[in-house]
**Student:** 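Below is a structure I'd like to ask you about.
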Amino acid sequence: MNETMSKTVALLVLGALCLGGGAGCKKTVPTDIVQKSLTNALRHAPATASAMCGVNAKGLTGTVITVKSRGENNTGVAHVKGSSLFATGGIKTCEGDVEFAYSSTSKTTGPSRRRRTTTTWYLDHMKLVAVQTPGVTLKGANDEAVDDDDD
């Protein structure tokens with residue numbers, strides 16, 4: 001068997017696995033899409049930026065986003081480090097971990113020989129799960145609750 005024929009057979013086997021519902025062909029959101037969409041979302045997320053920075057902020061700029069872990073169904077956790085935008089306090093650099101979830105749609109176009117599939121990704125969910133900014137703690141629902149018990 002020559003090299004060209006073995007490549008063709010390998011591609012056909014891979015294609016058959018994908019069409020047959022094989023587990024190895026599940027689409028995962030690309031890292032660059034996660035970085036770009038989270039950067040844009042955090043630029044206009046005052047509540048998340050304020051929680052990460054510990055001061056009132058309008059958003060984050062100059063973000064560096066690293067995907068820490070990936071879960072099932074295009075979910076995961078990303079580490080975010082950036083500068084606070086229009087912050088009213090002294091903290092300039094903020095760090096934290098953000099949980100994300102994506103969905104996608106695919107569209108196939110073109111004639112049979114030039115078929116092309118385009119996948120569009122959507123950021124469905126973003127939630128701050130940890131803060132690493134020095135001197136700032138993540139306040140959850142239990143931290144903000146007022147204890148009215150009279151002992």
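Keep in mind that this is a model prediction, so the values were computed, not measured. Counting begins at 1 with the first residue of the sequence.
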**Student:** Quick check for you: to the nearest 0.5 Å, what is the distance between M52 atom CE and L42 atom CG?
**Tutor:**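 Spacing of CE (M52) from CG (L42) equals 7.0 Å.
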
**Student:** Backbone N or O of T39 within a donor-acceptor pair of the T63 side chain at under 3.5 Å?
**Tutor:**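 No, the answer is negative, given that no donor and acceptor are paired below the 3.5 Å cut-off.
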
**Student:** Can you tell if the side chain of H125 reaches within under 4.5 Å of the side chain of E99, non-hydrogen atoms only?
**Tutor:** yes

**Student:** First locate atom NZ of K81, then atom OG1 of T66, and finally report the distance between them rounded to the nearest 0.5 Å.
**Tutor:** 10.0 Å

**Student:** What closest approach, in Å, do T133 and T93 show between heavy atoms, and which atom pair accounts for it?
**Tutor:**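 Where T133 meets T93 most closely, the heavy atoms are CG2-O, 3.7 Å.
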
**Student:** For R116, I'd like to know if atom CZ has over 12 heavy atoms of other residues, nucleotides or ligands within 6.0 Å.
**Tutor:**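 Open: at most 12 neighbouring heavy atoms sit under 6.0 Å from CZ of R116.
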
**Student:** Roughly how far apart are I33 CD1 and T119 OG1, rounded to 0.5 Å?
**Tutor:** 10.0 Å

**Student:** How long is the span from the CZ atom in F100 to the CZ atom in R70, to the nearest 0.5 Å?
**Tutor:** 5.5 Å

**Student:** State, yes or no, whether a side-chain contact exists between M126 and L38 at a heavy-atom distance under 4.5 Å.
**Tutor:** yes

**Student:** Identify the heavy atoms of H44 and P46 that sit nearest to each other, and give their distance.
**Tutor:** O-CD, 3.5 Å

**Student:** Rounded to the nearest 0.5 Å, what separates atom OG in S69 from atom NE2 in H79?
**Tutor:** 13.0 Å

**Student:** Of all the heavy-atom pairs spanning V136 and A51, show the shortest one and how long it is.
**Tutor:**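 Residues V136 and A51, closest heavy atoms: CG1-O, 3.6 Å.
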
**Student:** For the side chain of S50 and the backbone of A57, is there at least one donor-acceptor N/O pair under 3.5 Å apart?
**Tutor:**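 Flag set: sc S50 to bb A57 pair under 3.5 Å.
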
**Student:** Between N74 and S103, is there a donor-acceptor pair closer than 3.5 Å when you use the side chain of the first and the backbone of the second?
**Tutor:**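 No; judged by distance alone, with no hydrogens or angles, the pair does not exist.
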
**Student:** Might you point out which heavy atoms bring V129 and V98 nearest each other, and give the distance in Å?
**Tutor:**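 Scanning both residues completely, I find the closest heavy atoms to be CG2-N, 4.4 Å.
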
**Student:** Does the side chain of Y122 reach to within under 4.5 Å of the side chain of T105, using non-hydrogen atoms?
**Tutor:** yes

**Student:** Below 4.5 Å, heavy atoms only, C-beta onward: do L60 and V80 meet side chain to side chain?
**Tutor:** yes

**Student:** Decide yes or no on side-chain contact (heavy atoms from CB on, under 4.5 Å) for K27 and W121, but give the supporting numbers first.
**Tutor:** CA-CA 11 Å; K27 288 184 184 180; W121 294 96; 4.1 Å; yes

**Student:** Heavy-atom distance under 4.5 Å between the side chains of T48 and K127, does that happen here?
**Tutor:** no

**Student:** Taking atom types as modelled, is there a side-chain donor on Y102 or S37 under 3.5 Å from an acceptor on the other?
**Tutor:** yes

